[in-house]
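Data first, discussion second: the structure below is written as structure tokens.
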Amino acid sequence: MIPASFSLAGCVALVTGAGAPDGIGFATAQLLGELGATLAVASTTDRIEERVAALTAAGVSASGHVADLTQEDQTARLVAEVMAAHGSLAIVVNNAGMVSVGSGTESGSLLSMDLATWRAGISRNLDSAFLVCRAAMPHLIARKWGRVVNVSSVTGPVMATRDEPAYAAAKAGMDGLTRAIAIDFAAAGITANSVAPGWIATGSQTPHEYNQGLRTPLGRSATPQEVASAIAWLCTPGAAYVTGQCIVVDGGNSIAEERA
């Protein structure tokens, strides 16, 4: 029996960026499903159907959707598909971002980065969240209850890494978007928060990132499930009085003044 303050029975949740089997998005979808939510999971490729199959095998009602969330028409179509499949929408988890499958990268120094690369980084990591929230919000308002969780990063809102100006700016902007949504839609019963992961042991983690995780106070990178735990709690009824906040999940890395 799931306690009422944690139960998501009767709630449809859209989780973007859920295509990887070992990523934060899919871990979040699995946990939301365990709490009783119906899932709509999205990715840029049809590998999302493999994630749907895994959710269905675990007894979770789920649908899969393919969309490029930097494109306004595709984002609108995604939300329309979710509504057609499930009839309602209560939870939005914007996890899409960083580098999606089949795409390039927007890393590089400020001096070497051209405007097109800058705009691509902002589009992938910030515009996508804006477009999803804009398309989904009328449906959350109609329910007079909703949860928005934006997966940000410690890079930008809290600290920065070398040669990532576009990514840092976009993730800082995502936190600003989160707070704006929290204020503008509080009266409609909607909360908006962000979760800022640090070093995470996903399948795409590089050796450099792995080694950086070893230098955190907890001495390791987080698992995707540990980030998903924070995201899922913010989606629950029990988190109703938490809004406009950024929850940092980084093993204490951002508070460590001394580095061995």
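- Here the closest heavy-atom approach between residue Thr155 and residue Ala160 is recorded as CG2-CA, 4.2 Å.
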Working for side chain to side chain contact (heavy atoms under 4.5 Å, CB included), residues Leu140 and Trp145
CA-CA 6 Å; Leu140 275 60; Trp145 190 97; over 6 Å; no
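- Using a 4.5 Å cut-off on side-chain heavy atoms (C-beta onward), Phe26 and Val41 make no contact.
- Of all heavy-atom pairs spanning Cys133 and Ile181, the tightest one is SG-CD1, 3.7 Å.
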Exercise answer: donor-acceptor pairs, residues 239-249 side-chain atoms, under 3.5 Å, sequence neighbours excluded:
| residue | atom | partner | partner atom | Å |
| --- | --- | --- | --- | --- |
| Thr243 | OG1 | Ala192 | N | 3.0 |
| Thr243 | OG1 | Ala192 | O | 3.4 |
| Gln245 | NE2 | Thr243 | O | 3.1 |

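- Between Leu78 and Leu14 there is a side-chain heavy-atom pair separated by less than 4.5 Å.
- Among pairs with a residue in residues 228-237, none fulfils side chain to side chain donor-acceptor pair (under 3.5 Å), at least two apart in sequence or across chains.
- No side-chain heavy atom of Thr161 sits less than 4.5 Å from a side-chain heavy atom of Gln212.
- Note on Val15: it clusters hydrophobically with Ile24, by side-chain heavy-atom contacts below 4.5 Å among ILVMFWY residues.
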Go through the steps to decide whether Asp250 and Thr216 satisfy the test side chain to side chain contact (heavy atoms under 4.5 Å, CB included), and finish with yes or no.
CA-CA 8 Å; Asp250 74 344; Thr216 67; over 6 Å; no
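- Sorted by first then second residue, the salt bridge (Lys or Arg N to Asp or Glu O under 4.0 Å) pairs that include residues 220-236, not counting sequence neighbours, are Arg220-Glu226.
- In terms of heavy atoms, Cys235 sits closest to Val93 at SG-CG2, 4.1 Å.
- The side chain to side chain donor-acceptor pair (under 3.5 Å) contacts involving residues 80-92 comprise Ser63-His86, His65-Glu81, Arg77-Glu81, where partners must be two or more places apart or lie in separate chains.
- Applying the side chain to side chain donor-acceptor pair (under 3.5 Å) rule to pairs touching residues 170-186 yields Asn150-Thr178, Ser152-Asp175, Asp175-Ser194, sequence neighbours excluded.
- A 4.5 Å side-chain heavy-atom check between Ile231 and Val195 finds at least one atom pair inside the cut-off.
- Contact check for Val132 versus Leu69: side-chain heavy atoms found under the 4.5 Å cut-off.
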Return a table of donor-acceptor pairs under 3.5 angstrom between the side chains of residues 196-207 and protein atoms on other chains or two or more places apart.
| residue | atom | partner | partner atom | Å |
| --- | --- | --- | --- | --- |
| Thr202 | OG1 | Ser204 | N | 3.4 |
| Thr202 | OG1 | Ser204 | OG | 3.1 |
| Gln205 | NE2 | Ile200 | O | 3.2 |
| Gln205 | NE2 | Ser221 | OG | 2.9 |
| Thr206 | OG1 | Glu209 | N | 3.1 |
| Thr206 | OG1 | Glu209 | OE1 | 3.4 |

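- Taken to the nearest 0.5 Å, the CG atom of Asn95 stands 5.5 Å off from the OG1 atom of Thr16.
- Counting side-chain heavy-atom gaps under 4.5 Å among Ile, Leu, Val, Met, Phe, Trp and Tyr, Ile183 is found in no cluster with other residues.
- Scored by the side-chain contact (heavy atoms from CB on, under 4.5 Å) test, Val60 finds Leu39, Leu55 as partners (sequence neighbours excluded).
- Within the structure, salt bridge (Lys or Arg N to Asp or Glu O under 4.0 Å) pairs that include any residue of residues 51-75 comprise Glu72-Arg134 (at least two apart or interchain).
- Note that CG of Leu110 is 12.5 Å distant from CD of Glu164, once rounded to the nearest 0.5 Å.
- Counting only heavy atoms from C-beta outward, the side chains of Ile190 and Arg143 never approach each other to under 4.5 Å.
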Sequence neighbours left out, cut at 3.5 Å: what donor-acceptor pairs do the side chains of residues 1-12 make with other protein atoms?
| residue | atom | partner | partner atom | Å |
| --- | --- | --- | --- | --- |
| Ser7 | OG | Ala9 | N | 3.3 |

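- If you chain together hydrophobic residues whose side chains sit under 4.5 Å apart, Ile141 and Val149 never meet in one group.
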Pair Ser128-Thr75, side chain to side chain contact (heavy atoms under 4.5 Å, CB included): steps then yes or no:
CA-CA 8 Å; Ser128 57; Thr75 304; over 6 Å; no
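- Atoms CD and CG, on Gln30 and Leu35 in that order, are 12.0 Å from each other to the nearest 0.5 Å.
- Closest approach of Val92 and Ala136 over heavy atoms only: CG2-CB, 3.7 Å.
- Nearest approach of Pro217 to Gly252, heavy atoms of both residues: CG-O, 3.4 Å.
- Between Val154 and Asn253, every side-chain heavy-atom pair lies at or beyond the 4.5 Å cut-off.
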Set out, in order, the CA-CA distance, both residues' side-chain angles and the distance that settles side chain to side chain contact (heavy atoms under 4.5 Å, CB included) for Val66 and Thr45, then state yes or no.
CA-CA 6 Å; Val66 177; Thr45 72; 5.6 Å; no
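- No continuous path of ILVMFWY side-chain contacts below 4.5 Å connects Val151 to Met174, so the two sit in separate hydrophobic clusters.
- With hydrophobic clusters built from ILVMFWY side chains whose heavy atoms lie under 4.5 angstrom apart, Leu126 does not share a cluster with Tyr167.
- Atom-to-atom distance recorded for Leu32:CG and Thr38:OG1 is 11.0 Å, nearest 0.5 angstrom.
- Under the 4.5 Å side-chain contact rule for hydrophobic residues, Leu31 and Ile91 do not share a cluster.
- Pairs of residues two or more places apart, or lying in two chains, never qualify as salt bridge (Lys or Arg N to Asp or Glu O under 4.0 Å) while including a residue from residues 185-203.
- Here Leu115 pairs with Trp118, Arg119 under the side-chain contact (heavy atoms from CB on, under 4.5 Å) rule; sequence neighbours left out.
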